K.L.:
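Supplied in structure tokens, the structure appears directly below.
Keep in mind it's a predicted model, so treat the numbers as computed, not measured. These values consider heavy atoms only, across backbone and side chains, with no hydrogens, waters or symmetry-generated copies. Each chain gets a letter, A, B and so on, in the order the sequences are listed, and its residues count up from 1.
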Amino acid sequence: MPELPEVETVRRQLAPRLEGRMLVVYRVSDPRWTAPRAPNEVLGPLVGRRVERLQRRGKYLIAAFEDELFLLMHLRMTGNLLYDAEPGAPYTRAILGFDDEHTLSFVDPRRFGTGWLLAGEPELDAYLDARLGVEPFSDDFTGEHLRALARGSRAPVKAFLLDQRRIAGVGNIYADEALFRARVHPLREAGRLTRAQWELLRDTVREALSEGIDANGASIDDFRDLDGARGSFQDRFLVHRRAGEACPVCGGPVRKLLAAGRGTYVCERCQPRPRGARIVPMTR
DNA sequence: GTGATAACCTGGGTGC
DNA sequence: TGCACCCAGGTTATCA
């Protein structure tokens with residue numbers, strides 16, 4: 001599933017190929033990609049304009065065109081961006097053609113991904129600020145900041161990490177890996193974590209995300225990089241998707257349970273279960 | 001205001 | 001073998 005490292009992987013590969021290029025043509029085969037706006041409303045204004053830079057904010061990939069026009073793309077669960085994909089590749093939702101005769105295809109079997117146009121920096125900032133919290137690699141991402149955000153919260157810390165309005169870019173995989181490394185149970189109430197636990201969690205979130213970026217992301221089912229190659233972070237998972245296997249630290253069993261409505265992997269020897277936590281085991 | 005849940009969507013896995 | 005059902009999960013809307 002594309003989370004921050006997967007989107008950053010695509011951004012790093014795509015930026016040198018796209019920056020400076022002019023959009024000359026587009027074809028949208030699935031209008032849902034730009035819904036509720038029509039594809040022409042979203043992509044029409046970009047034709048004849050050059051990409052000045054490619055940015056990432058949370059899980060959004062942002063192509064900044066001339067005249068402060070911004071194309072926001074979100075891969076959601078199964079979206080992929082492919083460079084010079086085969087014509088007629090299955091599940092292609094949109095194709096952008098550039099003045100160097102290369103193409104960028106948005107491919108997405110489950111059709112959750114989106115493309116969105118924003119005009120002007122203020123509109124971009126307002127859109128992102130309403131949806132996204134602190135960036136994990138920014139100076140503001142501190143244990144003290146996280147602790148302040150969680151003060152009084154009774155939500156499980158797993159739900160807290162997944163809430164994009166608080167922390168931008170962390171998804172199910174990296175939340176599991178960060179919590180395991182910090183030895184914090186995903187069902188522990190966010191507001192009850194100690195200062196030391198927040199400091200540690202801040203470090204392990206960054207650590208897991210950095211390793212993910214170094215590995216060009218994780219490819220469990222669908223994610224591929226720009227050229228269709230798989231990432232390798234899935235080979236370094238410590239607990240995620242390892243139910244029934246031995247914990248790499250203590251040898252205890254890795255369990256799968258439900259937290260924040262998501263399949264969640266945990267070693268309850270390393271991550272002690274909070275008193276009174278209601279466990280919903282998952283068998284699949 | 002906060003937290004939980006459903007809906008969106010479709011490929012793949014499971015059970016009968 | 002074939003069919004029906006369930007699950008996966010990021011985001012948003014809705015409900016309690």
K.L.:
Between B:dG13 atom C1' and A:Lys256 atom NZ, what is the distance in whole Å?
P.N.:
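One finds 12 Å between C1' of B:dG13 and NZ of A:Lys256, rounded.
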
K.L.:
On the nucleotide C:dG10, are OP1 or OP2 found under 4.0 Å from the side-chain N or O atoms that A:His74 carries?
P.N.:
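For C:dG10, OP1/OP2 do not have a side-chain N/O of A:His74 under 4.0 Å.
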
K.L.:
Under 6.0 Å between ring centres, would you say that holds for A:Tyr174 and A:Phe233?
P.N.:
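Aromatic pair counts; centres sit under 6.0 Å.
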
K.L.:
Measure CG/A:Leu132 against C1'/C:dG10 and give the value in whole Å, please.
P.N.:
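In whole Å, C:dG10 C1' and A:Leu132 CG are 12 Å from each other.
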
K.L.:
How many Å lie between CG on A:Leu61 and P on C:dG10, as a whole number?
P.N.:
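Between P of C:dG10 and CG of A:Leu61: 17 Å.
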
K.L.:
I'd like to know if the side chain of A:Glu245 reaches the main chain of A:Pro253, judged simply by a donor and an acceptor atom lying under 3.5 Å from each other, with no hydrogens or angles considered.
P.N.:
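No; zero donor-acceptor contacts below 3.5 Å.
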
K.L.:
Can you tabulate the close N/O pairs, meaning under 3.5 Å, that link protein atoms to atoms of nucleotides 1-5 of chain B?
P.N.:
{"residue": "B:dG3", "atom": "OP1", "partner": "A:Ser153", "partner atom": "OG", "Å": "2.8"}
{"residue": "B:dG3", "atom": "OP1", "partner": "A:Arg154", "partner atom": "N", "Å": "3.0"}
{"residue": "B:dG3", "atom": "OP1", "partner": "A:Ala155", "partner atom": "N", "Å": "3.2"}

K.L.:
If the condition is side-chain contact (heavy atoms from CB on, under 4.5 Å), which residues does A:Val47 pass it with, not counting sequence neighbours?
P.N.:
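Counting only residues at least two positions away or on another chain, A:Val47 forms a side-chain contact (heavy atoms from CB on, under 4.5 Å) with A:Leu23, A:Tyr26.
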
K.L.:
According to the salt bridge (charged side-chain N to carboxylate O under 4.0 Å, His left out) rule, which pairs have a member within residues 154-174 of chain A, sequence neighbours left out?
P.N.:
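Sorted result for residues 154-174 of chain A: A:Arg154-A:Glu189, A:Lys158-A:Asp176, A:Asp163-A:Arg165, A:Asp163-A:Arg166.
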
K.L.:
Give a yes/no on whether any side-chain N or O of A:Arg241 is located under 4.0 angstrom from OP1 or OP2 of C:dA8.
P.N.:
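It does not, given that no N or O in the side chain of A:Arg241 lies less than 4.0 Å from OP1 or OP2 of C:dA8.
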
K.L.:
Kindly write out the residues that satisfy salt bridge (Lys or Arg N to Asp or Glu O under 4.0 Å) with A:Arg12, not counting sequence neighbours, or none if the list is empty.
P.N.:
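Here the qualifying residues are A:Glu8.
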
K.L.:
In whole Å, what is the span from the CG atom of A:Leu162 to the P atom of C:dA8?
P.N.:
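For the pair A:Leu162 CG and C:dA8 P, the rounded distance is 14 Å.
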
K.L.:
Using five base pairs at each end, measure the axis-to-axis angle across the helix from B:dT2-C:dA16 to B:dC16-C:dG2 and round it to 10 degrees.
P.N.:
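Answer rounded to 10°: the end axes differ by 60°.
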
K.L.:
Identify, with sequence neighbours excluded, every residue that meets side-chain contact (heavy atoms from CB on, under 4.5 Å) alongside A:Glu66.
P.N.:
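A:Glu66 satisfies side-chain contact (heavy atoms from CB on, under 4.5 Å) with A:Arg49, A:Arg50, A:Glu52 only.
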
K.L.:
Write down the distance between CG (A:Leu161) and P (C:dT11), rounded to a whole number of angstrom.
P.N.:
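The answer, rounded to whole Å, is 14 Å.
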
K.L.:
Between P on C:dG10 and CG on A:Asp163, what's the gap in Å once rounded to a whole number?
P.N.:
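The answer, rounded to whole Å, is 13 Å.
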
K.L.:
If the cut-off is 4.0 Å, is A:Gln164 near the phosphate of C:dT11, judged by side-chain N/O to OP1 or OP2?
P.N.:
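Answer yes for this pair, as a side-chain N or O of A:Gln164 is under 4.0 Å from OP1 or OP2.
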
K.L.:
Given atom CG of A:Leu128 and atom P of C:dT11, what is their separation to the nearest angstrom?
P.N.:
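Taking CG of A:Leu128 and P of C:dT11, I get 12 Å after rounding.
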
K.L.:
Just to verify, what does A:Leu200 make a side-chain contact (heavy atoms from CB on, under 4.5 Å) with, not counting sequence neighbours?
P.N.:
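A:Leu200: side-chain contact (heavy atoms from CB on, under 4.5 Å) contacts with A:Ala182, A:Thr204.
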
K.L.:
Taking only residues two or more places apart in sequence or in another chain, which ones pass side-chain contact (heavy atoms from CB on, under 4.5 Å) with A:Glu199?
P.N.:
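Expected list: none.
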
K.L.:
Can you hop from A:Leu132 to A:Leu149 via hydrophobic side chains spaced under 4.5 Å?
P.N.:
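A:Leu132 does not cluster with A:Leu149.
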
K.L.:
What pairs meet the side chain to side chain donor-acceptor pair (under 3.5 Å) rule with one or both residues in residues 266-277 of chain A, with sequence neighbours excluded?
P.N.:
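Applying side chain to side chain donor-acceptor pair (under 3.5 Å) to every pair that reaches into residues 266-277 of chain A, excluding sequence neighbours, yields A:His185-A:Glu268, A:Arg255-A:Glu268, A:Glu268-A:Arg273.
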
K.L.:
Return the set of residues passing salt bridge (Lys or Arg N to Asp or Glu O under 4.0 Å) with A:Glu135 (not counting sequence neighbours), or none when no residue passes.
P.N.:
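For A:Glu135 the salt bridge (Lys or Arg N to Asp or Glu O under 4.0 Å) partners, ignoring immediate neighbours, are A:Arg56, A:Arg57.
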
K.L.:
Determine which pairs satisfy salt bridge (charged side-chain N to carboxylate O under 4.0 Å, His left out) with at least one residue from residues 123-134 of chain A, sequence neighbours left out, and list them in order.
P.N.:
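Output for this query is empty, none listed.
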
K.L.:
Any donor-acceptor pair under 3.5 Å between the side chain of A:Arg262 and the base of C:dG10?
P.N.:
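Side chain to base: pair found, below 3.5 Å.
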
K.L.:
Starting from P on C:dG10, measure out to CD1 on A:Ile173 and report it in whole angstrom.
P.N.:
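Result: 8 Å.
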
K.L.:
What nitrogen or oxygen pairs link the protein and nucleotides 9-11 of chain B at under 3.5 Å?
P.N.:
{"residue": "B:dC9", "atom": "OP1", "partner": "A:Arg32", "partner atom": "NE", "Å": "3.4"}
{"residue": "B:dC9", "atom": "OP1", "partner": "A:Arg32", "partner atom": "NH1", "Å": "2.1"}
{"residue": "B:dC9", "atom": "OP1", "partner": "A:Arg32", "partner atom": "NH2", "Å": "2.3"}
{"residue": "B:dT10", "atom": "OP1", "partner": "A:Arg111", "partner atom": "NH1", "Å": "2.4"}
{"residue": "B:dT10", "atom": "O2", "partner": "A:Arg110", "partner atom": "NE", "Å": "3.4"}
{"residue": "B:dG11", "atom": "OP1", "partner": "A:Tyr91", "partner atom": "OH", "Å": "3.4"}

